[in-house]
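Structure first, commentary second.
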Amino acid sequence: MEKAKAPLLEMRNIKKDFFGNQVLNDINLTLQEGDVLGLCGENGAGKSTLMKILFGMDVIRETGGYSGDILLNGEKVNFSTPFEALEAGIGMVHQEFSLIPGFTATENIVLNREPMKKNVLSEIFSDRMNTLDRKEMSGIAENSIERMGFKIDQNMTISNMPVGHKQFTEIARELSKKQLRLLILDEPTAVLTEKEAEALLDSIRAMSAKGIAVVFITHRLHEILSVCNKVVVMRDGLVVSDVPAKDTTVEEITRWMVGRSVNAGSVNTDARDKKDAKTIMSIRKLWVDMPGEIVRNVNLDIKEGEILGIGGLAGQGKLGIPNGIMGLCDAGGTVEFDGEKIPLNSPRSCLDKNIAFVSEDRRGVGLLLGESLEWNVAFPAMQVQNKFLKSYLGGLIKWRDEKAIHEITQKYIDEFQIKCTSSRQDAKELSGGNQQKVCLAKAFALEPKFLFVSEPTRGIDVGAKSLVLEALKKFNRESGVTVVIISSELEELRQTCDRIAIVSGGKIAGILPATASSEDFGMLMISQVK
């Protein structure tokens, strides 16, 4: 009798703790060739940690390793570096990009595997005099982009690319590796437009048909059901469900993830009409120079005390608006706040006017990754407003008020349910969703008069999403803070805002109440797209 073929991957009894915090407990997982596994769970459930173990990432070894066994085709493996995992045919596209900004897509795709060609000097001296075979590099990149099924400009430098194309460059890089047998995708569609996301799902289907297995981590549960053949749900470091995708629903997965029912798509039932309130910010003829964004001529009046949503398709200008006003990108036009003109291209001017910004780029702009949560939450308020400081000798000497810093940080850890070992833990040790909550806490600690929040729920799960959006509503209602939420997810804007402005072709295409239909918003989104 023929022996049954061993699974492509088995993970048995995997356990892991970080800094005394048990994050994985007895995890078991099986993958066959060509399987597409949807891995679901709230932030901090342990999904990314499990994949980092599989991929042999340094952070696992540096924090005491793990227990349990990993088998590839029935043979035990223990990768101590990602290079060993790559050699064995495992690829990973991380939540945060790992591309070299000044290199082209082609150069990034073949990085560290560049084909070389001999020349007269290398024949005389040594192979070290070989030069890059640009033609073959281009062919490899072109072939992997074709396999992916979504066209990107392989000669464009990464720094000039729209964010979605950066994601596709990462995927093309993995597909260019001939030995690829298993690809881990960690939140790959979080930065993609609907069209790009659909192209990626098609690409995953094509990989599966060629026998490449995929582990697909996403909070967009409908995508899991569309492309996966099995679903594994994790909660608090445990696998709580492992089922065929055809036998479950979005609602059921959500219940398993959070241990409760979550209504993630209802329209805001307490949206308010603020048309008679005074205009707190007036934007006229705003243009912004931001890679991947079009902001040509934005005119917008924002009412005091409202929650205004700004939505639209990727690249049409919504992200450029706050980045331009806050001075992070070159901008022109006029912006008045509370009756006074704000100088553009001057980040400090906005902070001095008590305007705060939670950036979509939590790692690049939002956090001091090597510092504690306390320092992250308190530092901006300390620097800009002299908060959390004790004065001595009539103000000649100022010193940090450690007690006040600890109390404010602990307050937001409790309010946002930030999963951490303590307020003194470094920000880099938190999961992406929990880092996002720290960014919000930092902005709330400034007690601003006006708050821009860009992509507040990007890459975070349904339970945390609901909590973050409710916190923004509470902050607005209790403190009277005017809040502008910029988001790719129309439904979350409809759930939270009073009015929603849609940006298309670099301009405001229209503004509707949150209660307007999805179809009406959809028509605005495509009205000026070029």
Q.
Please enumerate all residues that pass ring-ring contact (aromatic ring centres under 6.0 Å, His included) together with Phe475, with sequence neighbours excluded.
A. Phe444

Q: Can you see which heavy atom on Lys166 is nearest to which on Ile158, and at what distance?
A: CE-O, 3.2 Å

Q | Residue pair Ile27 / Met234: nearest heavy atoms and the distance that separates them | A | CD1-CE, 3.7 Å

Q. So does Glu447 have more than 12 non-hydrogen atoms from other groups sitting under 6.0 Å from CD?
A. no

Q: Answer yes or no: are there more than 12 heavy-atom neighbours, outside Glu62 itself, under 6.0 Å from its atom CD?
A: yes

(Q) Assess whether a salt bridge exists between Glu407 and Lys411, defined as any Lys/Arg side-chain N lying under 4.0 Å from an Asp/Glu carboxylate O. (A) no

Q.
Testing the basics here: between Asn376 and Leu368, what is the closest heavy-atom pair and its distance to 0.1 Å?
A. OD1-N, 2.7 Å

Q) Can you find a heavy atom in the side chain of Pro188 that is under 4.5 Å from one in the side chain of Phe216? A) yes

Q: Mind listing the closest non-hydrogen atom pair of Leu201 and Val227 along with its distance?
A: O-CG2, 3.6 Å

Q. Under a 4.5 Å cut-off applied to non-hydrogen side-chain atoms, are Asn434 and Cys420 in contact?
A. no

Q: Sequence neighbours left out, what passes ring-ring contact (aromatic ring centres under 6.0 Å, His included) with Phe521? Give chain and number order.
A: none

Q: Could you tell me whether Glu84 atom CD has more than 12 heavy atoms of other residues or ligands within 6.0 Å of it?
A: yes

Q: Specify whether His165 and Phe168 have parallel, tilted or perpendicular ring planes, treating 30° as the upper limit for parallel and 60° as the lower limit for perpendicular.
A: perpendicular

Q) Between Ile486 and Ile321, is any pair of side-chain heavy atoms under 4.5 Å apart? A) no

Q.
Is a donor from one side chain sitting under 3.5 angstrom from an acceptor on the other, for Arg255 and Thr249?
A. no

**Q.** Basic-acidic side-chain contact under 4.0 Å: Glu429, Arg424
**A.** no

Q) Do you know which two heavy atoms are closest between Ile253 and Leu225, and how far apart they sit? A) CD1-CD2, 3.9 Å

Q: Count the heavy atoms belonging to other residues, nucleotides or ligands that lie under 6.0 Å from CD of Glu402, then report whether that count exceeds 12.
A: yes

Q) Is any NZ, NE, NH1 or NH2 atom of the basic residue among Asp236 and Lys419 found under 4.0 Å from an Asp or Glu carboxylate oxygen of the other? A) yes

